[in-house]
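Just so you know, these numbers come straight off a predicted model, no measurement behind them. Labels below follow one simple rule: chain letters A, B, ... track the order of the sequence lines, proteins then strands, and each chain is numbered from 1. FYI, side chains are in, hydrogens and waters are out, and symmetry mates aren't considered; it's all heavy atoms of this structure.
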2 protein chains.
Amino acid sequence: MEQEFDSGLLESAVTELSRLPGIGRKTALRLALHLLRQDKSVGEALGESIVNLCDGIKYCSKCHNISEDELCPICANPLRDHHTVCVVESVKDVMAIENTRQYQGVYHVLGGLISPIDGVGPDQLQIDSLVERIKSGGEVEEVIMALSATMEGETTGFYIYRRLGDTNVKVTQLARGLAVGNDLEYTDEITLGRSLAGRTLFSESV
Amino acid sequence: MEQEFDSGLLESAVTELSRLPGIGRKTALRLALHLLRQDKSVGEALGESIVNLCDGIKYCSKCHNISEDELCPICANPLRDHHTVCVVESVKDVMAIENTRQYQGVYHVLGGLISPIDGVGPDQLQIDSLVERIKSGGEVEEVIMALSATMEGETTGFYIYRRLGDTNVKVTQLARGLAVGNDLEYTDEITLGRSLAGRTLFSESV
């Protein structure tokens, strides 16, 4: 493509910014010109923090969560329950579950879900390392599938469940049911059916 | 504020990204995690291009357009018509006019418009330098006000027009009229009135 701007510096900043998801060349230009209107230090801090992020972040060798060290802070924490492994799609899901402050176990980040339509097979995900982690250590007692309630999530969960068939680890999954705050009237029938099948004793759910 | 993420690197990248206009902490996190999923070089190129942009871009000492040198490529170009100065609000307007490929003159970037409501007065804009540029050189024959057809644009244009009252420079402004492609039926009456008052010979407008 022909260079759009007189300034090569602007051209390259706009090109790099527009590689970000959801940011086109128009938005990238707006962001670049915004940075130019600010004090120099604002843009420098931004640029450096991005370089540092990409240079400094590694992945935990055990659970594949992002980490600055060999092990992530969760895997390295002896106070966490290392007998329970929560299997999630991505780093964001780890953050979401941590934010509930209800979970004391550790994680295993798959890095995606099986999706034939997007050409993602089990080999591209951290499934082998999960199976090995469970088979080798003998430390893990429960695997919680905390995957999306979508076709891809269910497929991935089922695949992992089958792969773990010859271990005696307990495999559980997140409860399906009414989202808190949702009207029963507007809940789809599949969810309603599953929430009925998985009903719990009243005292528990209060 | 309490640190939200375990990783200080992630925390600082998210904080810096969320200073950009239209980008909150959620989007900033999405962008940071996207960068982490890419090859390291993508994020490094982005970060470095931003640092280089903020370090390397200066403003043209004559027209205040962005520039990598003392003079911007337009002011430095002897083939441009230096007798005609187009007064614009921002660097983006220079780009928009350049994209029409209809203008051969030079520019003067005000860096904003007079807006009492936002506390922007004439002193914060490059108006003194415009007046001086016109009065000192004697080279400028026409000043084209290419400002938005808004209250602020009209006020700024009128203010500059008054300041240039004692020079014999010709002051013109962009034509007001129907936007090309617009239905007459849905054009507001002020625009319609001004397009009628400023009507041109039919042969010209074909």
Side-chain angles (χ1 to χ4, degrees), chain A residues 4-23 26-27 29-59 65-69 72-74 90-92 94-95 98-99 111-112, chain B residues 4-23 26-27 29-59 65-69 72-74 90-92 94-95 98-99 111-112:
Chain A
E4 195 179 339
F5 307 113
D6 281 331
S7 159
L9 294 175
L10 184 61
E11 179 71 31
S12 109
V14 168
T15 302
E16 296 300 333
L17 280 166
S18 63
R19 287 191 216 281
L20 291 171
I23 296 188
K26 280 218 164 180
T27 307
L29 175 61
R30 193 166 59 82
L31 295 178
L33 294 178
H34 168 86
L35 285 171
L36 287 174
R37 278 196 304 273
Q38 311 302 305
D39 192 82
K40 234 181 210 194
S41 63
V42 174
E44 286 174 357
L46 171 62
E48 279 159 18
S49 73
I50 293 173
V51 171
N52 293 341
L53 178 74
C54 294
D55 279 351
I57 289 275
K58 293 192 281 276
Y59 290 87
N65 190 7
I66 54 170
S67 173
E68 294 180 22
D69 301 299
C72 73
I74 296 171
S90 74
V91 171
K92 262 182 141 160
V94 173
M95 293 174 184
E98 285 297 286
N99 285 341
Chain B
E4 194 179 340
F5 307 113
D6 280 331
S7 159
L9 295 175
L10 184 62
E11 180 70 31
S12 108
V14 168
T15 303
E16 296 300 333
L17 279 167
S18 64
R19 286 192 218 281
L20 291 171
I23 296 188
K26 281 219 164 182
T27 306
L29 175 61
R30 194 167 58 84
L31 295 178
L33 293 178
H34 168 86
L35 285 172
L36 287 175
R37 277 196 304 274
Q38 311 301 305
D39 191 81
K40 233 181 209 193
S41 63
V42 174
E44 286 174 358
L46 171 62
E48 280 159 16
S49 73
I50 293 172
V51 171
N52 292 341
L53 178 75
C54 295
D55 278 351
I57 288 277
K58 293 193 282 274
Y59 289 88
N65 190 5
I66 53 170
S67 173
E68 294 179 22
D69 302 298
C72 74
I74 296 172
S90 75
V91 172
K92 262 183 139 161
V94 174
M95 293 175 185
E98 285 297 287
N99 284 340

Determine whether [X] and [Y] make a side-chain contact, defined as any pair of heavy atoms from C-beta on separated by less than 4.5 Å.
X: A/V51; Y: B/L46; value: no
X: B/L10; Y: A/M95; value: yes
X: A/K92; Y: B/R30; value: yes
X: A/L53; Y: B/V14; value: no
X: B/E44; Y: A/I50; value: no
X: A/D55; Y: B/K40; value: yes

Self-check item: B/E68 side chain to A/G8 backbone, donor-acceptor under 3.5 Å
Solution: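 Side chain of B/E68 to backbone of A/G8: a pair is present.
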Once you round to the nearest 0.5 Å, how far does [atom1] of [X] lie from [atom2] of [Y]?
X: A/L35; Y: B/R19; atom1: CG; atom2: CZ; value: 11.5 Å
X: B/L36; Y: A/K58; atom1: CG; atom2: NZ; value: 12.5 Å
X: A/S49; Y: B/L17; atom1: OG; atom2: CG; value: 6.0 Å

Quiz prompt | Part of A/I57 lying under 4.5 Å from any heavy atom of chain B | solution =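 For A/I57, heavy atoms of backbone and side chain both lie under 4.5 Å from chain B.
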Exercise. Between chain B and each of A/S41, A/S12, A/C54, count heavy-atom pairs under 4.5 Å; write down the option with the most.
Key: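 Most heavy-atom pairs under 4.5 Å with chain B: A/C54.
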Exercise. Among B/L31, B/D39, B/T27, B/T15, single out the residue with the greatest number of heavy-atom pairs under 4.5 Å to chain A.
Key: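 Option with the top pair count is B/L31.
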Exercise. Could you tell me which portion of B/P21 (side chain, backbone, both or neither) has an atom closer than 4.5 angstrom to a non-hydrogen atom of chain A?
Key: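 B/P21 touches chain A through backbone and side-chain heavy atoms alike.
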